[in-house]
Protein chains: 4
Amino acid sequence: MNINPTSGRPLYEQLMFGIKQDILLGILQPGDKLPSVREMAQQQLVNPNTVAKAYKALEGQGVIDTVLGRGTFVAEDSSDFGPDRQQMNQFKRQLNDLLTEGMYIGLSRQEIADLMNEWYGGTHEANRK
Amino acid sequence: MNINPTSGRPLYEQLMFGIKQDILLGILQPGDKLPSVREMAQQQLVNPNTVAKAYKALEGQGVIDTVLGRGTFVAEDSSDFGPDRQQMNQFKRQLNDLLTEGMYIGLSRQEIADLMNEWYGGTHEANRK
Amino acid sequence: MNINPTSGRPLYEQLMFGIKQDILLGILQPGDKLPSVREMAQQQLVNPNTVAKAYKALEGQGVIDTVLGRGTFVAEDSSDFGPDRQQMNQFKRQLNDLLTEGMYIGLSRQEIADLMNEWYGGTHEANRK
Amino acid sequence: MNINPTSGRPLYEQLMFGIKQDILLGILQPGDKLPSVREMAQQQLVNPNTVAKAYKALEGQGVIDTVLGRGTFVAEDSSDFGPDRQQMNQFKRQLNDLLTEGMYIGLSRQEIADLMNEWYGGTHEANRK
DNA sequence: GTGGTCTAGACCACG
DNA sequence: GTGGTCTAGACCACC
């Protein structure tokens, strides 16, 4: 998981994102314990408040469970968060914007497809369906 | 072009994308005059400053040219040059983010490829020269 | 003389500039007749008012003389407009800005010097002192 | 850095150049935090929006990075990459304009070269690594 | 606390 | 008429 403070995306969102990704990739399994708020804050060089906010939001989504005094754990049924309509629409809008941008800087359809394949091939071979 | 003030996306960014798309779709041709800042502001129900901000940013990207006292025009050779390194890097970062996002909301590689083909097929197949 | 409407510099200033340059280069000699306001406007694709404004300003500087009903002529003593202190200061400030910019985009001192020599060599060999 | 509100040059542009120069002079080092928008506005007696405009433009040029909620920082590798084509073209245009201007106010090739050497010698010889 | 966005309204130079 | 700049002041999300 990589946190990029200059990307403009909220840090807490990037954290949520990274954790969900780790679950989808199987790096984190249901029942696994997450780093404590303070540990995670040190690892990722962010403010503990930011981690706490991410954990709280994930708990609200049912992705993780917090047990007072023991820690935070990946929920048992955490991996079935499929795309809802709102997320899909947002994604399509973003893809739309990105392809417009790509076309503008002179990238062909093939070049963009290549970049896409590169990403899947390089980092996520094991996860393709 | 439709500006949606409640979408959460900055208005000036929506304007920029709308104009870029109009150019790619051929609705706006190189050399065409854009609505004046004040006209566009009235059409889209935003403040003239917001339009000016979008126009300025587009000029910075080489998409449009502004002639003092005359107006703003679609640039002639906006996509002639290949992508430069900075643009490429930025694009790859954005693509990376988007694909991660797609994976996170549960979209498969094929589904994303389909969305991409849909975009190219639907809006731009007919427009290629 | 080339007028660039998108440079951000006022058109009338570019005109003044170009005329003075032609005089310095010897293309225009003292006593030569300048194109009429309308002719010049057609040649340079600008509004006649813009040409008139440039001519008037040049006359105010003693660079050209207007004879009513006959036309506009290069003044006899027009070529001795040396740098005054204000012009020098402005020039130094602009050079300062430009060199800062050049250093920023990664140009070495030598590369900038080369560009400079290229400019002098290419266009103005005859005029060097 | 001194902002001169009566010079005719846009304030935000003066800010941009002042910051770039501070970086080149080593007064600001990569990673250093810039004064906050509000602080800088007070220091330079300008409106915060004007500072924000300058910061935003510098970020667009890759000179500084902004971290939401934390502040603005000098970018780490701002001049690593060579100049890209667009930047080069813009620089050449500006150099061209400036040299024409110099010739027009009566500066010889040697005088301009001297001014250039003066700039490099005076401000940046000691600072090279 | 930080920067980001938007509005409103003013003044200016240019054409 | 055009865009460019600046100010003032508001509201927001993020940290």
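Values reported hereafter were calculated over all heavy atoms of this structure, with side chains retained and with hydrogens, waters and symmetry mates removed. The sequence lines fix the lettering, A, B, ..., with proteins before strands; numbering per chain opens at 1.
Each of R70(D) and K56(D) lies near DNA chain E, and the nucleotide nearest R70(D) is the one positioned closer to the 5' end. Judged by closest nucleotide on DNA chain F, L68(B) is the one of L68(B) and G69(D) placed further toward the 5' end.
Contacts of L68(B) classified as side-chain contact (heavy atoms from CB on, under 4.5 Å), with partners at least two apart in sequence or in another chain: none. Contacts of N96(C) classified as side-chain contact (heavy atoms from CB on, under 4.5 Å), with partners at least two apart in sequence or in another chain: T100(C), Q21(D), W119(D). Listed by chain and residue number, N47(A) satisfy the side-chain contact (heavy atoms from CB on, under 4.5 Å) test with N49(A) (two or more places apart in sequence, or in another chain). Every residue meeting the side-chain hydrogen bond (donor to acceptor under 3.5 Å, both in side chains) condition with Q61(C), not counting sequence neighbours, appears here in chain and number order: K20(C). Among residues two or more places apart in sequence or in another chain, the ring-ring contact (aromatic ring centres under 6.0 Å, His included) test is passed with F73(B) by none. The side-chain contact (heavy atoms from CB on, under 4.5 Å) test applied to A52(B) returns V37(B), not counting sequence neighbours.
By the neighbour-count criterion of 12 heavy atoms within 6.0 Å, atom NZ of K92(A) is sparsely surrounded, having that number or fewer from other residues, nucleotides or ligands.
Residues in residues 34-45 of chain A take part in no side chain to side chain donor-acceptor pair (under 3.5 Å) pair, two or more places apart or across chains.
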Item checked: Criterion side-chain contact (heavy atoms from CB on, under 4.5 Å) on Y55(A) and T66(A), from CA distance to verdict -> CA-CA 8 Å; Y55(A) 279 15; T66(A) 298; 5.5 Å; no
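At a non-hydrogen distance threshold of 4.0 Å, nothing from residues 37-51 of chain C comes into contact with DNA chain F. Of the residues in residues 2-15 of chain C, P10(C), L11(C), Y12(C) come within less than 4.0 Å of DNA chain E through at least one heavy atom, sorted by number.
Residues A75(A) and G62(A) share a closest heavy-atom pair of CB-O, 3.4 Å. When every heavy atom of M1(B) is checked against every heavy atom of D22(B), the shortest pair comes out as CE-OD2, 4.1 Å. Nearest heavy atom pair, residue E76(D) against residue P30(D), reads OE1-CB, 3.6 Å.
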Name every donor-acceptor pair, under 3.5 Å, that has one atom in a side chain of residues 2-15 of chain D and the other anywhere in the protein, sequence neighbours excluded.
from: N4(D); atom 1: OD1; to: T6(D); atom 2: N; distance (Å): 3.0
from: N4(D); atom 1: OD1; to: T6(D); atom 2: OG1; distance (Å): 2.9
from: S7(D); atom 1: OG; to: N4(D); atom 2: O; distance (Å): 3.4
from: S7(D); atom 1: OG; to: R9(D); atom 2: N; distance (Å): 3.1
from: S7(D); atom 1: OG; to: Q14(D); atom 2: NE2; distance (Å): 3.1
from: R9(D); atom 1: NH2; to: D97(C); atom 2: OD2; distance (Å): 2.6
from: Y12(D); atom 1: OH; to: K56(B); atom 2: NZ; distance (Å): 3.3
from: Q14(D); atom 1: OE1; to: N4(D); atom 2: N; distance (Å): 2.9
from: Q14(D); atom 1: NE2; to: N4(D); atom 2: O; distance (Å): 3.0
from: Q14(D); atom 1: NE2; to: R9(D); atom 2: O; distance (Å): 3.0

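Boundaries of the chain D contact region on DNA chain E are dG1(E) to dC6(E), first to last in 5' to 3' order (nucleotide atom under 4.0 Å from a heavy atom).
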Note to self: Let me check I have this right: for DNA chain E, each base becomes ., (, ), [, ] or |, based on Watson-Crick or G-U pairs with both distances under 3.5 Å. What is the full string?
What the structure shows: ||||||||||||||.
